[in-house]
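The structure appears below as structure tokens.
Naming convention: chains lettered A, B, ... in sequence-line order (proteins, then strands); numbering from 1 in each chain. None of these values were measured; they are calculated from a predicted model. Side-chain atoms are counted along with the backbone in the values below, which use heavy atoms only and exclude waters and symmetry mates.
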Amino acid sequence: MPSTVKQPDRRILDHFLVPKHRILSLEEAVEVLNKLGIKPWQLPRISVNDPVIRLLGGKPGDIVEIVRNSPTAGEYVTYRVVVSY
Amino acid sequence: MSYGPYGEEERYTISGIRFSLLSPREIREMAKVTVIRADIYESDGSPIMGGLRDPHFGAIEPGERCPVCGNLRQDCPGHFGKIDLARPVMLPHLGEHIYRLLQATCRNCGRILIPNDKAAYMLQVYRRLKERWPVLADIFAEEVAKGASSTTECPHCGTKQYKLRLVKPYYLYEVREEGEVRLTPSEIRERLERIPDDDAELLGWDPKSSRPEWAVLTVLPVPPLSVRPSITTESSQRAEDDLTHALVEIVRQNERLKNFIASSAPESMIEEAWNTLQNVIAAYIDNELPNIYQLSHRGRKQLKTIAQRLKGKEGRLRGNLNGKRVNFSSRTVISPDPLISINEVGVPVEVAKILTVPMVVTPYNIEDARRYVLNGPYKWPGATVVYKKRENVKIDLRYQRNLRQLAESLEPGDIVERHLIDGDIVLFNRQPSLHRMSIMAHRVRVMPGRTFRLNLLVCAPYNADFDGDEMNLHVPRLDEARAEAEELLLVEKHILTPRYGGPIIGGRQDYISGAYLLTVKTTLLDINKVRELLRGVSDASVELPEPAILRPRPLWTGKQFISMFLPKGFNFRGRAKINAGDLKCDSEDCFYDSYVVVSDGRLLEGVLDKNTIGAEQPESLLHYLVLERGSEEGRRFLDTVFRAFIKMLELKGFTVSLSDVLVPAETMKRIKSMVANAKNDVIDLIRQYNEGTLEIIPGRTPEESLELRIIQRLQRLRDEAGKTAIDYMDVFNNAFIMARTGARGSDINITQMAAMLGQQTVRGRRITRGFRTRTLPHFKPGDLSPEARGFVAGNFRDGLSPHEVFFHAAGGREGLVDTAVKTSQSGYMQRRLINALQDLYVAYDGTVRDSENNIIQFRYGEDGIDPQKTYHGRAVNIDRIIEEVKNVTGGGAGA
Ligand SMILES: [Mg+2]
Ligand SMILES: [Zn+2]
Ligand SMILES: [Zn+2]
Ligand SMILES: [Zn+2]
């Protein structure tokens, strides 16, 4: 991405509609994939251009953990793989 | 026909399907005949050699031997032919692809309009993407093409590039300085030929299977006769298939073009013939392309060409591959039978004699098998086919004279194809199959008659009624299928729906009225009545409690009767449907009996009505009973008590008559004066409007304000009139009982019968349409009064005046149009949803995955909960658990 592009406002991370994102370490990522018995591309995806991913500095191939509030389950944990498009 | 799992024969798995273009070489190699004659038959009726019925297309007549493969028609697969085109012709569907390809490549050297090094790098990226994310690779190729297309000078040879213009479906023009020049298919083909493989690949093509220039035909394959069979009518008139007709036209135009070229006709004539050929070939592939002349029969009927065979609901895909007709199925009209279980379906004997189930003979069932064989195919319960294992022969009992001998010869291992008998599991279905309860398993009850019989309680999940509805029945034949149907699809396992976590099967209409009449305080049953009700129920395992009244003679209450069937320890409290209006009350010993209390399996207070035993009522008595006591207990309740409700109606008699909607003259007078008052108010509103003193509703025009105020006033009039009439009615008025208990109808229906129809609306407004300034010629122009704009003061009891009938019909029509529109729209939406979701499944680890094991949800529904087993969507009902604990520890009421 060209460096001229402005970074998103950091405050979006604290907005109540933005769920908590966290980039997993390699070990954590491997553990998640092993637990689910899948390869990275079988995960749901998230774009590197996603504002939150840009703020967290995610690179294609990273796996992010997203914890969101769920009307049915209270808290719901998902994982997404960062993709370059 | 094979009965078991497949044997050891070799099986293959399809790992993928690739669509590609046929190369001219392939077409030439597979062609066994070249078509050069547009006629089909000689004058003596024999097929013309080199025509479209040349015998080299394959043997089709009985006894005919194929000149190509030497087989008779059963074994000849049919063979392709070809037409050598005088000039190249574009494949009509690829116009856009060709356009993109040409725009992105050099018009001189054919290279992609991207510098060498960059193109090489992009190709690398493209190939990597193609491996992992093929869809992405396509998008990438599209972007590459877009980038290359904007280049104006070839980076390889320096030639100037022109913009191309595509006129659908397949005309290409080059926009040069001197003006637009049309590219002929020959030129297009030459340019495509110059594109190197690597460049084509980077632009999204797979040159190994489809070279770009193959998109411009030089030779056209002609399908074998088995693909386009001709039909001989009774009068021995030959009728050819539409494809043959289209091909005849192609051959004719091709030969014409050939002649023009051979005779060096003027260029314009050749051009014209070439265009015609192009058009005919396009129509042969898809006769519904835009901007082409369609091929048609002499009778103007459009020809069904290749695309038309595949497309649409009745096309090959949706009509023959996705939806096939099946054996072992049956369809007939349905009718009700309240005396069979909800798990059962009544099957006519005639159907039972056709639908069969394979029965493997064992020492344990050999006597039954012999009996079936002895009865033969025409006497129920019999058998239609016997498979003798030792001899490995199938014997059709229709042609078997000595059934006795065959029955004697049965031995373990033989298979008897026996009739459907009582207790067999079948699948029952009513279209439209919108949810999973649209197909459920039932146990067969063979009975006389010609209709399928079903219990009225299962009308709800099928959305069936008996005004001529038909339903389908399918017989699972193997043990695995039967077991699966019984365990997963049996009706009793679908009393609760996953749609909203409540019972979808339950009381409706007469069941509700009956429940109310049985449980209402005034109902006292003597021993004869109780016996009669019990006889209807036919469940002998209940014990009659001590009667509520002993003298002058023993009498039981309806609540006592119900309590006999409620399980011990079952508790419930909640409002009845009648708990509304004047009968609103939340006290446990409600005087009006409108608060239901069940304690330890005894109905202590309250009447049963729609809120407690109704279909589609979550958090009701019926819901808790099924959810907490299991579906079998739930089914038992539905099969017993509900039958008593019907019996109750039979004993008491239940009908609605004119007297039920009769209102005393004095009340009618009051309603009349209310109408007069309302009319005056409306006239006053109109006056205010004319004087400009009408209070305007914010955000509305004066006209809209006036209309809204008038509608509001007239709405109030109807409500008041209805209330006046209903207030007069006594509690044992049957129409009123039905409305209150939720059995059928509502206060509005009673109002419309007894008091007035009220304002009729179209699209939420008073009726204004008709003539220019008035609705009907009965009124003065510009009349805004209630009666001139669709207000109906009459009622169904007294009848309507002509203009009232007209307004009512106008209002009623809107509803009909709405339902028609809504069903078609939601039907299509359903189809798209199902196609998108059909292969998702909940994996054993609780995740939701698709057919490629991609993760859709990390936990089903985010909480992993089956909504069928919830309290109206909630997994746990704390209130009910607390209530339960209280009862167990003796802290609660009752006992
Ligand atoms: Mg119907
Ligand atoms: Zn052959
Ligand atoms: Zn053949
Ligand atoms: Zn060039």
Side-chain angles (χ1 to χ4, degrees), chain A residues 1-2 5 16-50 52-54 56 58-85, chain B residues 121-122 124-126 128-144 146-147 498-501 836-837 839-878:
Chain A
M1 207 186 329
V5 176
F16 78 109
L17 285 177
V18 178
K20 296 285 159 269
H21 291 59
R22 186 170 70 86
I23 293 174
L24 298 184
S25 67
L26 187 61
E27 296 75 49
E28 286 173 312
V30 167
E31 195 192 318
V32 166
L33 292 177
N34 283 341
K35 193 182 82 188
L36 295 167
I38 54 170
K39 298 280 184 241
W41 63 83
Q42 290 171 310
L43 284 171
R45 294 159 205 166
I46 189 167
S47 170
V48 264
N49 298 317
D50 182 279
V52 176
I53 297 303
R54 278 164 65 190
L56 296 183
K59 301 176 298 301
D62 283 349
I63 289 172
V64 278
E65 178 195 77
I66 302 169
V67 181
R68 59 172 93 253
N69 294 323
S70 155
T72 50
E75 207 169 65
Y76 173 60
V77 183
T78 58
Y79 302 94
R80 282 169 183 266
V81 61
V82 179
V83 291
S84 59
Y85 48 93
Chain B
Y121 169 72
M122 283 171 140
Q124 240 180 7
V125 174
Y126 174 79
R128 278 219 310 275
L129 276 177
K130 193 89 194 167
E131 257 171 62
R132 280 282 151 83
W133 290 303
V135 181
L136 261 190
D138 294 344
I139 296 170
F140 180 76
E142 219 163 288
E143 289 302 316
V144 171
K146 237 185 249 165
R499 255 171 54 201
Y500 47 82
L837 300 179
D839 42 26
L840 304 192
Y841 69 103
V842 183
Y844 280 108
D845 63 357
T847 57
V848 180
R849 300 180 182 226
D850 69 7
S851 53
E852 290 175 303
N853 253 313
N854 297 314
I855 296 209
I856 308 298
Q857 281 183 332
F858 288 88
R859 213 158 157 64
Y860 169 71
E862 303 193 345
D863 55 6
I865 283 168
D866 176 359
Q868 188 184 28
K869 301 184 172 63
T870 61
Y871 293 88
H872 204 180
R874 286 175 298 142
V876 196
N877 187 337
I878 303 269

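With sequence neighbours excluded, the residues that form a side chain to side chain donor-acceptor pair (under 3.5 Å) with Arg874(B) are Glu619(B). Not counting sequence neighbours, the partners of Asp62(A) by the salt bridge (charged side-chain N to carboxylate O under 4.0 Å, His left out) test are Lys59(A).
Across Gln42(A) and Glu852(B), no two heavy atoms sit closer than the pair NE2-O, 3.0 Å.
Neither the backbone nor the side chain of Ile139(B) comes within less than 4.5 Å of any heavy atom in chain A. Using a 4.5 Å cut-off between heavy atoms, Arg45(A) contacts chain B through its side chain alone, with no backbone atom that close.
Applying the 6.0 Å contact sphere to CZ of Arg499(B) captures more than 12 heavy atoms from other residues, nucleotides or ligands. The environment of NZ in Lys20(A) is crowded: more than 12 heavy-atom neighbours from other residues, nucleotides or ligands sit within 6.0 Å. Taking a 6.0 Å sphere around CD of Glu28(A), one finds it holds more than 12 heavy atoms contributed by other residues, nucleotides or ligands.
Residues from residues 841-851 of chain B that place a non-hydrogen atom less than 4.5 Å from a non-hydrogen atom of chain A comprise Asp845(B), Thr847(B), Arg849(B), given in numerical order.
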Give every donor-acceptor pair under 3.5 Å between a side-chain atom in residues 855-868 of chain B and any protein atom, sequence neighbours left out.
residue: Gln857(B); atom: OE1; partner: Gly861(B); partner atom: N; Å: 2.8
residue: Glu862(B); atom: OE1; partner: Ser70(A); partner atom: OG; Å: 2.7
residue: Asp863(B); atom: OD1; partner: Ile865(B); partner atom: N; Å: 3.1
residue: Asp866(B); atom: OD1; partner: Gln868(B); partner atom: N; Å: 2.9
residue: Asp866(B); atom: OD2; partner: Lys869(B); partner atom: NZ; Å: 3.0
residue: Gln868(B); atom: OE1; partner: Arg436(B); partner atom: NH2; Å: 3.0
residue: Gln868(B); atom: NE2; partner: Lys493(B); partner atom: O; Å: 2.9
residue: Gln868(B); atom: NE2; partner: Leu496(B); partner atom: O; Å: 2.7

